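Shown next, in structure tokens, is the structure this report addresses.
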Amino acid sequence: GENVEQHPSTLSVQEGDSAVIKCTYSDSASNYFPWYKQELGKGPQLIIDIRSNVGEKKDQRIAVTLNKTAKHFSLHITETQPEDSAVYFCAASKRGGTGGGNKLTFGTGTQLKVEL
Amino acid sequence: DAGITQSPRYKITETGRQVTLMCHQTWSHSYMFWYRQDLGHGLRLIYYSAAADITDKGEVPDGYVVSRSKTENFPLTLESATRSQTSVYFCASSWDPRYEQYFGPGTRLTVT
């Protein structure tokens with residue numbers, strides 16, 4: 001099955017700096033790569049996703065890049081703010097088709113701390 | 001309010017006891033999922049369901065039982081709790097494989 005590795009496990013940045021979290025996946029058939037943000041005491045929430053036919057996607061201060069050849073994708077957060085402090089999870093799955101659900105395989109998470 | 005809820009939010013139980021975690025969603029999503037979250041392991045899929053009365057195993061199903069008699073509910077039962085099942089459990093739902101999963105607030109379970 002799919003295996004997703006995520007690095008680093010913890011990341012501390014100064015407010016205003018950029019943060020980058022990297023993930024690699026093993027199944028070349030995976031074609032959907034979401035990123036979730038989990039704030040303390042809450043469930044994960046989707047913040048951005050990318051499909052395999054796109055190399056980069058941006059949403060304000062957040063961007064995700066995908067390298068299908070190398071089988072890795074990254075989350076970039078620019079101009080970090082204290083409210084960006086959270087745990088971030090990457091995930092991968094094969095979207096589409098019927099049956100079996102959207103069985104996301106998650107990375108192990110990155111604790112991001114934005115320091116004042 | 002519309003959304004996905006879990007109950008209880010916190011539970012302490014003893015080894016060997018049966019415990020059921022509840023999940024309820026108001027969107028009529030077809031798909032529902034149960035994950036456990038443990039430090040160093042991220043989110044691991046326990047069971048999922050594609051519709052009422054259709055369930056299937058995920059990555060770590062041993063020791064757990066699920067049912068789905070109604071679309072909106074997806075309870076998770078630990079038939080004989082063990083200390084290794086101490087974890088935070090998340091329920092999630094989605095319309096179908098092409099859409100995002102929406103997560104509940106989680107249940108923190110401690111097995112003593």
Side-chain angles (χ1 to χ4, degrees), chain A residues 1-10 21 23-27 29-53 57 59 64 86-111, chain B residues 3-7 9-10 21 23-25 29-61 66 68 71 74 87-108:
Chain A
E2 175 67 275
N3 182 50
V4 177
E5 295 189 357
Q6 183 172 348
H7 300 281
S9 57
T10 60
I21 302 170
C23 289
T24 59
Y25 61 98
S26 61
D27 189 345
S30 290
N31 56 12
Y32 174 61
F33 308 93
W35 285 89
Y36 285 79
K37 176 183 180 182
Q38 184 181 21
E39 297 178 342
L40 192 63
K42 297 183 179 180
Q45 183 174 13
L46 180 74
I47 56 172
I48 194 168
D49 56 14
I50 192 168
R51 305 177 190 182
S52 59
N53 60 346
K57 184 177 180 181
D59 183 3
V64 56
V87 178
Y88 292 81
F89 290 99
C90 63
S93 73
K94 297 174 237 187
R95 274 167 54 115
T98 58
N102 187 6
K103 293 199 290 184
L104 289 171
T105 299
F106 285 87
T108 51
T110 297
Q111 175 73 62
Chain B
I4 182 165
T5 57
Q6 294 183 235
S7 62
R9 293 294 313 277
Y10 303 91
L21 310 184
C23 179
H24 176 77
Q25 52 103 355
H29 285 167
S30 299
Y31 291 87
M32 295 188 75
F33 310 83
W34 274 107
Y35 294 90
R36 60 177 291 173
Q37 182 177 18
D38 304 288
L39 194 63
H41 292 280
L43 292 157
R44 292 182 290 176
L45 182 66
I46 304 170
Y47 270 95
Y48 66 96
S49 169
D53 297 323
I54 300 175
T55 62
D56 205 349
K57 296 178 181 179
E59 179 185 356
V60 289
V66 294
R68 195 166 176 207
T71 300
F74 191 38
S87 186
V88 180
Y89 291 85
F90 287 98
C91 178
S93 69
S94 68
W95 272 118
D96 70 26
R98 294 169 293 180
Y99 294 94
E100 71 178 277
Q101 291 184 22
Y102 295 85
F103 283 81
T107 295
R108 181 175 294 276

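Just so you know, these numbers come straight off a predicted model, no measurement behind them. Basis for what follows: all heavy atoms, side chains included, without hydrogens, waters or symmetry-related copies. So you know, we letter chains A, B, ... as the sequences are listed, proteins then strands, and number each from 1.
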Review point. Chain B heavy atoms under 4.5 Å from A/Gln38: which part of the residue, side chain, backbone, both or neither?
Key: side chain
Revision key, fill the gap. Hits for ring-ring contact (aromatic ring centres under 6.0 Å, His included) against A/Tyr88, two or more places apart or cross-chain, chain-then-number order -> none
**Study point:** More than 12 heavy atoms of other groups within 6.0 Å of A/Gln111 CD
**Key:** yes
Study note, to complete from the structure: Heavy-atom closest pair (A/Pro44 atom, B/Leu43 atom, distance to 0.1 Å) is CG-CD1, 3.8 Å
Exercise for review: Working to the nearest 0.5 Å, report the span between CD of B/Glu100 and CD1 of A/Ile47.
Suggested key: 11.5 Å
Point to revise | Within 6.0 angstrom of B/Arg108 CZ, more than 12 heavy atoms from elsewhere | key: no
Point to revise | Residue list, side-chain hydrogen bond (donor to acceptor under 3.5 Å, both in side chains) with B/Glu59, at least two apart or on another chain | key: none
Review point. Between atom OG of B/Ser94 and atom CG of A/Leu46, what is the distance when rounded to the nearest 0.5 Å?
Key: 11.5 Å
Practice item. Select one option (side chain, backbone, both, neither) describing which atoms of B/Leu45 are under 4.5 Å from chain A's heavy atoms. Key: side chain
Practice item. For the pair A/Phe106 and B/Gln37, evaluate side chain to side chain contact (heavy atoms under 4.5 Å, CB included) and give the outcome as yes or no after the intermediate values. Key: CA-CA 10 Å; A/Phe106 285 87; B/Gln37 182 177 18; over 6 Å; no
Point to revise | Which portion of A/Pro34 sits near chain B, non-hydrogen atoms under 4.5 angstrom | key: neither
**Study point:** Residue B/Arg9 versus chain A: region with a heavy atom under 4.5 Å
**Key:** side chain
